[in-house]
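Some notes on the structure that comes next.
Hydrogens, waters and symmetry mates play no part in the numbers below; they use all other heavy atoms, side chains included.
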Protein chains: 2
Amino acid sequence: MDEGWQPRRVAAVAAELPEGVTPAGTRGRILKAALALYAETGFHGTSIRRLADRVGINSATLYSHYPSKEHVLAELVLIGHRELHTRLTDALRRCEADPAAQLAALVRAHVLAHARYPLLAAVTNSELHALAPAQLAPSLELREACRRLMHDVMAQGVADGTFSVPDPTLAAIAIGGMDMQVAQWFGPDQPYPADVVADHYARFALRIVGLDS
Amino acid sequence: MDEGWQPRRVAAVAAELPEGVTPAGTRGRILKAALALYAETGFHGTSIRRLADRVGINSATLYSHYPSKEHVLAELVLIGHRELHTRLTDALRRCEADPAAQLAALVRAHVLAHARYPLLAAVTNSELHALAPAQLAPSLELREACRRLMHDVMAQGVADGTFSVPDPTLAAIAIGGMDMQVAQWFGPDQPYPADVVADHYARFALRIVGLDS
DNA sequence: GTCTATAGCGGGATAGAC
DNA sequence: GTCTATCCCGCTATAGAC
């Protein structure tokens, strides 16, 4: 067998959570440690003991804050989905009403969320499958709501002739996928600032729907 | 605690491996079972016993074919990278010499690889981090070679004025990310045939680099 | 090559003192 | 809330018969 080395799943980024929504005190520290570990080695690859060590408490103490390892993941996944949904709706509310501006705003917000909280995005997207359906349901609703935001903007742009794209559904999927991958490589070890990436990606999205900006 | 239900990480697709490169006999059956299980619940979430059960052999028998659970993953990850690299180089060899045709060919091949073998692509991309560096190295070399294929086509297209894209590196990353996500949703439960997706994505890529096709 | 059996360890979770 | 101590189980991997 091997020693403990493991390649990273994401760039070396500090484990940060959105302000305001993060619980205070030990509960918050557990959440942040779990974010780092789940991102590095996955939910199943992270033991309760390692998580407790990272927090600096005994493993038994974890159970005073969360009833199980899975509940910690559930809270992370929910925070991640809420953060994304909030940012997308805010972006739409603040931008002009035409489909091109709305698409650009959605893509910018989508990319910025993944660049600002890459670990949270990675865990939210690739570890949510470890949750039982009951724990997962609220996050899936938010996910569907996000999908619909993009879908509606796309449909509107096609309907009023702003966009020229043969298959709007596929275009929305492609754009969303392109954005999500940002969480896999964005970090301080690469030269692009977050808003530069967001601007470029917004432009890519506009081009995909047939607008040469 | 909970019973054994787990949401899927990918669409419900049969666990298929590229022909020719798959070992025959029990070794091949182990590989296919591991592909299905690693895709469903991840490397750390899959036990040797469950893997053996799926194959229909005793867990001890696995060790007559692979020295460890990790070696099974290593072979899958290597097969995945080899398949992708082969398809990309073949695509380039068969297409015309201009950058637009080359970009379209690369994207088509990239998408088709992820749509033809979604489980392999998912495992190759999201479980490779469970491998120790020595096991991972050959796959990382292939990965870098693939990245360079795309990079060179992009550079050529920009150099000869075919492409009009402000940041070619970011465009290549965005296109690659868009393609890779196909593995997460493609399957028999959705209406798009693989080559339709590939054609659309190729067109999206051309639009990203400023060509309205 | 395949099995039964088991070693040896680390996992998640709990009891109960402080 | 946090600790020490521990239960019990499932894990990877090995030994040895056939």
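Contacts of residues 45-57 of chain B with DNA chain D (heavy atom under 4.0 Å): Thr46(B), Ser47(B), Ile48(B), Arg49(B).
Under a 3.5 Å cut-off, the side chain of Arg9(A) and the backbone N or O of Ser126(B) do form a donor-acceptor pair. Judged by distance alone, the side chain of Gln135(B) and the main-chain N or O of Ala74(B) form no donor-acceptor pair under 3.5 Å.
How far CE of Met154(A) is from CZ of Phe163(A): 6.0 Å, rounded to the nearest 0.5 Å.
Nearest to the side chain of His65(B), among dG1(C), dT2(D), dA13(C), sits dG1(C). For Tyr63(B), taking side-chain heavy atoms from C-beta onward, the closest of the listed nucleotides dA13(D), dT4(C), dT14(C) is dA13(D).
The side chain of Thr61(B) places no N or O atom within less than 4.0 Å of a non-bridging phosphate oxygen (OP1 or OP2) of dG1(C). Contact between the side-chain N/O atoms of Thr26(A) and the OP1/OP2 oxygens of dT2(D) is found at a separation under 4.0 Å.
Glu75(B) pairs in a salt bridge (Lys or Arg N to Asp or Glu O under 4.0 Å) with only one of the listed residues (Arg27(B), Lys69(B), Arg82(B)), which is Arg27(B). When His114(A), His110(A), Arg108(A) are each tested for a side-chain hydrogen bond (donor to acceptor under 3.5 Å, both in side chains) with Asp179(A), only one passes: His110(A).
With rounding to whole Å, Lys69(B) atom NZ is found 12 Å from dA13(D) atom C1'. Taking atom CG on Asn58(B) and atom P on dA15(D), their separation rounds to 16 Å, with Å as the unit. With rounding to whole Å, Tyr66(B) atom OH is found 15 Å from dA13(D) atom P. Taking atom NE2 of residue His44(B) and atom C1' of nucleotide dG11(C), one finds them 14 Å apart after rounding to whole Å.
Taking the six-membered ring where the residue is Trp, Trp185(B) and Tyr201(B) present tilted rings, their angle falling between 30° and 60°.
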